[in-house]
Undergrad: 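Sharing a structure here in structure tokens format.
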Amino acid sequence: MVEATLFFSPHQDDETLSMGNAIIEHVEKSDTHVILCTDGSKSIIRKVLDDGGTCSYHIKDIHKYSLPEEEFSKDRDEEFKDSCKEMGVKESNIHIEENRAHDGELSKEKAKEIILKYLDKYPNARVKTVTPYKASGIHEDHRALGEAALELYEEGKIKDLRFYVEPYDYNDFTKVNPNVEVWKVLNSQENKLLNAMNAYKKWNPENGQYAIGYHSVKSHFDELKENKIQYVHTP
Ligand SMILES: [Zn+2]
Ligand SMILES: [Zn+2]
């Protein structure tokens, strides 16, 4: 039986920005799943798209797109699914968790429930998620997911756990956690990562594509494109 690897992502785009290289690598050698744990509905970009203005990404296009939260969230899900596909994840292994939290409301308890649900299906799977160790400004959903995984590891329910440090937080992280040994995952298939990032840059409002990921964290995408590295540590 092929081993399973489970990547838990707090929001649409974290899987690519913080774990993309690792996902691409693991798809090659294991039954790799990516699980989205929140709906991403609270992003400021929903208002940015609606404000009748422009942004640094769209010099000419005027934003005039009034999206209800639910639709906005679905459009983000499409970006997430496209991005996972570009990294080689099988469609049936891309999970928009039905029990996911509203953006900003992921508790450690809920995160544990979600992780356990997938561990139940894929016992002894390797688990990968974002680090819970506090770097300044850590997003609470990220912390909840990381802490949930850490507790399950300490309880013996996760056998093999790796944490990823958001590349844009890496400098802060090493300042705050100088004793945590972090190593790099190097990019092995550049095109896959670039295509995965491009899934968050698609601008075609007629078809419900609003480049939400890119609007949201343009600098993170631009930096990852320049320096295609990921940072990982053990619990
Ligand atoms: Zn996030
Ligand atoms: Zn724009």
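Just follow the structure's listing: the first ligand is 1, and inside any ligand the first atom is 1. Predicted, not measured: the structure shown is a model, and the values here were computed from it.
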Undergrad: Whether Arg76 and Glu79 form a salt bridge (side-chain N of Lys/Arg under 4.0 Å from carboxylate O of Asp/Glu) is what I want to check.
TA: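 No, no charged N to carboxylate O under 4.0 Å.
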Undergrad: Mind checking whether Lys134 and Arg143 have side chains closer than 4.5 Å, heavy atoms only?
TA: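 Result yes, sub-4.5 Å side-chain heavy-atom pair found.
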Undergrad: Could you work out, with side-chain hydrogen bond (donor to acceptor under 3.5 Å, both in side chains) as the rule, every residue matching Thr5, not counting sequence neighbours?
TA: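 Only Ser30, Arg126 meet the side-chain hydrogen bond (donor to acceptor under 3.5 Å, both in side chains) criterion with Thr5.
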Undergrad: Are Lys112 and Glu155 ion-paired here, with the side-chain N under 4.0 Å from a carboxylate O?
TA: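 Here Lys112 pairs with Glu155 in a salt bridge, since their nearest N and O are under 4.0 Å apart.
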Undergrad: The Zn ion (ligand 1) is nearest to which N, O or S atom of His142?
TA: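 Answer by atom name: NE2.
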Undergrad: Using only N, O or S atoms, tell me which atom of Asp14 is closest to the Zn ion (ligand 1).
TA: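 Restricting Asp14 to its N, O and S atoms, the minimum distance to the Zn ion (ligand 1) goes to OD2.
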Undergrad: Restricting to N, O or S atoms, which atom of His11 is closest to the Zn ion (ligand 1)?
TA: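 Answer by atom name: ND1.
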Undergrad: What protein N/O/S atoms are there under 2.8 Å from the Zn ion (ligand 2), waters excluded?
TA: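 Less than 2.8 Å away from the Zn ion (ligand 2) sit Cys55 SG, His58 ND1, His63 NE2, His215 NE2.
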Undergrad: Any salt bridge linking Glu25 with Lys29? Criterion: basic side-chain nitrogen under 4.0 Å from a carboxylate oxygen.
TA: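 Lys29 and Glu25: salt-bridged.
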Undergrad: Do NZ/NE/NH1/NH2 and the carboxylate oxygens of Lys42 and Glu69 come within less than 4.0 Å?
TA: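 The answer is yes: the pair qualifies as a salt bridge.
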Undergrad: Is the Tyr231 to Tyr170 ring centre distance short of 6.0 Å?
TA: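 Close enough - the centres of the two rings lie under 6.0 Å apart.
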